[in-house]
There are 2 protein chains.
Amino acid sequence: MPSDTDAGRRSRRRDAAQNREALLNAAVVILATEPDASLEAVAAAAGLSRRALYGHFSGRDELIVALIERGAERLVAAASTTDHADAPVAIALLCARLWDAVDHVRLLAQVALRQPYVERAASSLDPVRRRLTVFVARGVADGTVRDDIPQAVLARLIQESALAVLAEAARADLTDPEGRRLVMLAALGTAGLSWREAGALIADTPELAGEH
Amino acid sequence: MPSDTDAGRRSRRRDAAQNREALLNAAVVILATEPDASLEAVAAAAGLSRRALYGHFSGRDELIVALIERGAERLVAAASTTDHADAPVAIALLCARLWDAVDHVRLLAQVALRQPYVERAASSLDPVRRRLTVFVARGVADGTVRDDIPQAVLARLIQESALAVLAEAARADLTDPEGRRLVMLAALGTAGLSWREAGALIADTPELAGEH
DNA sequence: GAGAACATGCACATCGATGTGCAAGTTATC
DNA sequence: GATAACTTGCACATCGATGTGCATGTTCTC
């Protein structure tokens with residue numbers, strides 16, 4: 001019985017699922033640079049017709065919601081498997097993991113500002129920010145992170161620092177290792193470490209230096 | 001002869017200039033939250049009819065360009081009158097000055113991302129970033145600013161840190177002194193100072209502690 | 001207070017994007 | 001290979017935003 005709940009119907013075709021993914025991927029590319037691009041443009045970039053897009057999504061709204069949820073899912077997965085006893089290391093590691101998902105994040109950063117989706121995108125990323133907040137709190141407790149800024153505010157500023165690096169990466173065409181390092185430096189700097197401390201931390205911690 | 005170049009024509013009316021300003025101010029408020037708002041909405045917020053708007057600007061494009069130029073003008077003015085022998089102080093002071101112009105900056109930050117205006121907005125703000133780059137270079141030379149990140153990149157990251165605080169200010173409803181202090185802390189942190197160094201610098205420097 | 005500058009409200013044409021229906025073709029699945 | 005799933009292309013209706021013309025008030029300037 002291939003179908004989930006239906007009785008005599010044939011199962012969904014595999015290529016249909018592939019096309020759905022292609023549409024989402026195309027939407028990431030297109031909407032990241034032009035949030036108001038037509039669905040025509042998105043479908044074309046996916047190699048499909050506009051009409052076919054409506055077979056997968058009821059409209060622009062449903063497309064974007066699906067996009068946000070898929071992106072957030074990956075980020076949350078990356079975030080939830082990240083941890084380290086030393087708070088600054090944990091923060092740097094978390095940012096490095098996010099860096100590895102740049103393409104998906106960039107869209108969220110762009111779309112998150114758009115009016116109708118602000119709330120949804122923000123709440124989707126909540127788990128990430130909450131995990132970051134945990135690290136911040138731990139760091140403040142043991143004195144490795146600054147305590148001159150409210151923890152909730154600090155967590156958001158660190159997150160923004162990381163996003164700023166993403167934007168800069170798109171502009172300056174950074175290599176992967178450069179970008180990784182830069183994200184960590186920016187986050188640690190915002191967390192209160194001096195640049196020499198941050199540099200030493202990254203150099204002395206194998207988990208941070210290595211790839212993936 | 002009240003007119004500029006025309007011969008027998010009567011001069012422009014004062015209320016017309018006021019309405020033009022009202023339109024620009026309304027555009028700041030509206031477009032900052034909804035970049036694609038209709039010109040109808042902008043005109044209404046200014047207390048004018050849509051038709052009247054077209055009497056001042058040929059269309060959306062001309063409106064936004066005027067907006068960018070007016071905003072940039074103010075920021076550049078603030079930036080060009082800022083200086084200090086100590087590089088970190090100069091950086092903090094520059095950011096504090098920009099903070100005082102929050103309302104105008106917020107729009108630029110929003111609009112600067114929109115496709116057709118990226119270049120224009122960026123070039124309009126060039127003088128500010130160039131001045132920041134001067135401070136960064138000076139700091140690197142005398143060892144008060146980090147040298148582990150390319151100066152051009154660092155200057156942009158500092159600018160982004162400041163903008164992140166502006167976004168946070170809108171969300172968390174910060175008071176003016178809080179926001180001022182936060183902008184400076186964020187900028188100095190990105191510049192490489194530890195949080196204790198940054199705090200001490202602000203506390204010990206009268207120019208930074210005082211209002212305006 | 002005469003006249004120009006300005007605002008208003010309507011009408012109208014245009015444009016791009018959206019959403020839907022349907023017949024015909026293609027492709028995967030049973 | 002039969003059939004359902006899927007895609008395509010076109011037509012068509014709709015919608016909101018834009019830009020412009022024009023007649024009719026208002027309001028400032030001289």
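So you know, we letter chains A, B, ... as the sequences are listed, proteins then strands, and number each from 1. Predicted, not measured: the structure shown is a model, and the values here were computed from it.
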Could you give the side-chain donor-acceptor pairs of residues 183-190 of chain B under 3.5 Å, partners two or more places apart or in another chain?
{"residue": "B/Thr190", "atom": "OG1", "partner": "B/Ser161", "partner atom": "OG", "Å": "2.7"}
{"residue": "B/Thr190", "atom": "OG1", "partner": "B/Ala186", "partner atom": "O", "Å": "3.0"}

Find out whether B/Ile91 and B/Val145 are in side-chain contact, i.e. whether some heavy atom of one side chain is under 4.5 Å from a heavy atom of the other. yes

To the nearest Å, how far apart are B/Leu53 CG and C/dA7 P? 10 Å

Nearest-Å distance for atom pair CZ/C1', residues B/Phe57 and C/dC6: 15 Å

Does B/His56 make a side-chain N or O approach to OP1 or OP2 of C/dC6 shorter than 4.0 Å? no

Here the distance between atom P of C/dA7 and atom CG of B/Asp15, to the nearest Å, is 6 Å

Nucleotide N/O to protein N/O under 3.5 Å, stretch nucleotides 23-26 of chain C:
none

Ignoring hydrogens and angles, state whether a donor on the side chain of A/Thr81 or A/Arg97 is under 3.5 Å from an acceptor on the partner side chain. yes

Please check this pair: side chain of A/Glu178 against backbone of A/Thr175, looking for a donor-acceptor N/O pair closer than 3.5 Å. yes

Go along nucleotides 15-22 of chain D 5' to 3' and tag each nucleotide: B for a protein heavy atom under 4.0 Å from its base, S when only backbone or sugar atoms are that close, - otherwise. --SBBBBB

Over how many whole Å does the gap from B/Leu48 atom CG to C/dC6 atom P extend? 13 Å

Can you check whether A/Asn19 has a side-chain N or O nearer than 4.0 Å to OP1 or OP2 of D/dT7? yes

Bend across the helix from C/dG1-D/dC30 to C/dC30-D/dG1, to 10°, with axes taken over 5 pairs at each end? 30°

Qualifying salt bridge (charged side-chain N to carboxylate O under 4.0 Å, His left out) pairs, either residue in residues 21-31 of chain B, two or more places apart: B/Glu21-B/Arg70

Are A/Ile64 and A/Arg60 packed together at the side-chain level, in the sense that at least one heavy-atom pair is separated by less than 4.5 angstrom? yes

Without swapping roles, check the side chain of A/Ser58 against the backbone of A/Tyr54 for a donor-acceptor pair under 3.5 Å. no

Taking A/Ala164's backbone N and O only, do any of them form a donor-acceptor pair with B/Arg156's side chain (distance below 3.5 Å, no angle check)? no

Main-chain N/O of A/Leu208 paired to A/Thr205 side chain as donor or acceptor, under 3.5 Å: no

Under a 4.0 Å threshold between the charged nitrogen and the carboxylate oxygen, would A/Arg138 count as salt-bridged to A/Asp83? yes

Sequence neighbours excluded, which residues qualify as salt bridge (Lys or Arg N to Asp or Glu O under 4.0 Å) partners of B/Arg51? none

